[in-house]
Amino acid sequence: MDASGTMLDQEDGESLWTFVDITEQVKAMEELERSNAELEQFSYAISHDMRQPLRMISSYMQILQLDLAGDINDEQRESFRFAIDGAKRLDSMMMALLDYSRVGRTGEPMAWIDSPVLLDEALHFLGPAIAETHSTVSVSGDWPRLYASRDEMTRLIQNLIGNALKYHAVGRAPEITISGVLQDGGWRMCVTDNGIGVMPDQIGRLFQVFQRLHNRDRYEGTGVGLALCRKIVEHHDGRIWLESEGSDQGCKFFVVLPPERIEAAVESA
Ligand SMILES: Nc1ncnc2c1ncn2[C@@H]1O[C@H](COP(=O)(O)OP(=O)(O)O)[C@@H](O)[C@H]1O
Ligand SMILES: [Mg+2]
């Protein structure tokens, strides 16, 4: 039996020891370590072992296509294109899956960090996309210090704003607001856009890997972004959800972090 002891001071000054059987906890920890090691191996297999044969497929297809250049008709050329595209897509899906599996394992360790720094990093990275789409991005509210993994939090914010930029309505420049609110000791961030929106009955599945609502012809993507966001938020003991009134009604993404990850000193943006 594994035991953990606690000493209780009694009123009469005597001390009393209590013992709790922690065999179950120890087992659970071992189990967790084992599954982490397995996941690590699995990611390695994806990123190295499986990518290589996939690259063989796409490069030999390309060589074959070039060799046959003059001898094939348009339909056959199209078949080549589909095959090569498929291999490339599979490669980006595998890389996205690898990214997803790494959350909580290979990111920067948790530390106290000013949330405006995270926001600046994300916005800096998205600068070209913001300019290209003529978007207005406004930031407001409370931006406290967070106990967080810096690169994971930056990616979370970047993914949410990136989606708001990408899923904008035709003929309507994206207007994105990012607000922070200190509430109930915790902190809530909200990213709002005026884009194409989501039908309420579709919302649940979007946080799962590879789930998308749109054809790749219209919007590029692998469908891993929001699953990644959810995993990052859960790694920070928080919650994430989406509210949308439906098609063309824009989206509001909420992230809530619990009190123990927030430092009270408030900085207003
Ligand atoms: N801001 C948004 N407005 C409308 N739809 C969105 C928004 N963000 C995400 N979605 C929908 O959720 C799906 C999943 O998003 P995500 O996981 O980031 O994958 P990706 O962007 O690669 O498609 C998107 O394909 C899109 O259909
Ligand atoms: Mg995305």
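Numbering of ligands and ligand atoms starts at 1, following listing order. Below, each value reflects all heavy atoms present in this structure, side chains not excepted, and no hydrogens, waters or symmetry copies.
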Tell me how many protein N, O or S atoms are closer than 2.8 Å to the Mg ion (ligand 2). 1
Carboxylate-amine/guanidinium proximity below 4.0 Å for D248 and R172: yes
Does K88 pair with D85 as a salt bridge, N-O distance under 4.0 Å? no
With the threshold set at 4.0 Å, does a side-chain nitrogen-carboxylate oxygen contact exist between E78 and R81? yes
Residues with a heavy atom under 4.0 Å from ligand 1, by chain and number, are N163, A164, K166, Y167, D193, I196, G197, V198, L206, Q211, R212, L213, H214, G221, T222, G223, V224, G225, L226, C251, F253
Considering only NZ, NE, NH1 and NH2 on the basic side and carboxylate oxygens on the acidic side, decide whether R51 and D91 come within less than 4.0 Å. yes
May I have the list of side-chain donor-acceptor pairs in residues 146-153 shorter than 3.5 Å, sequence neighbours left out?
unit_1	atom_1	unit_2	atom_2	d
S149	OG	E108	O	2.7
S149	OG	D151	OD1	3.1
R150	NE	E121	OE2	3.0
R150	NH2	E121	OE2	2.3
D151	OD1	E108	N	3.0
E152	OE1	H235	ND1	2.7
E152	OE2	G104	N	2.8

If you look only at distance, which donor and acceptor atoms sit under 3.5 Å apart when one is on a side chain in residues 94-103 and the other is two or more places apart or in another chain?
unit_1	atom_1	unit_2	atom_2	d
D99	OD2	R155	NH2	2.9
S101	OG	S43	OG	3.0
S101	OG	L98	O	3.0
S101	OG	R105	NH2	3.4

Aromatic rings F254 and W241: how do their planes relate, parallel, tilted or perpendicular, breaks at 30° and 60°? parallel
Is there a side-chain contact between F80 and L68 in this structure, where contact means two heavy atoms from C-beta onward sitting under 4.5 Å apart? yes
Stepwise salt bridge (Lys or Arg N to Asp or Glu O under 4.0 Å) test for K231 and E234: CA-CA 5 Å; K231 207 169 170 210; E234 284 171 359; over 6 Å; no
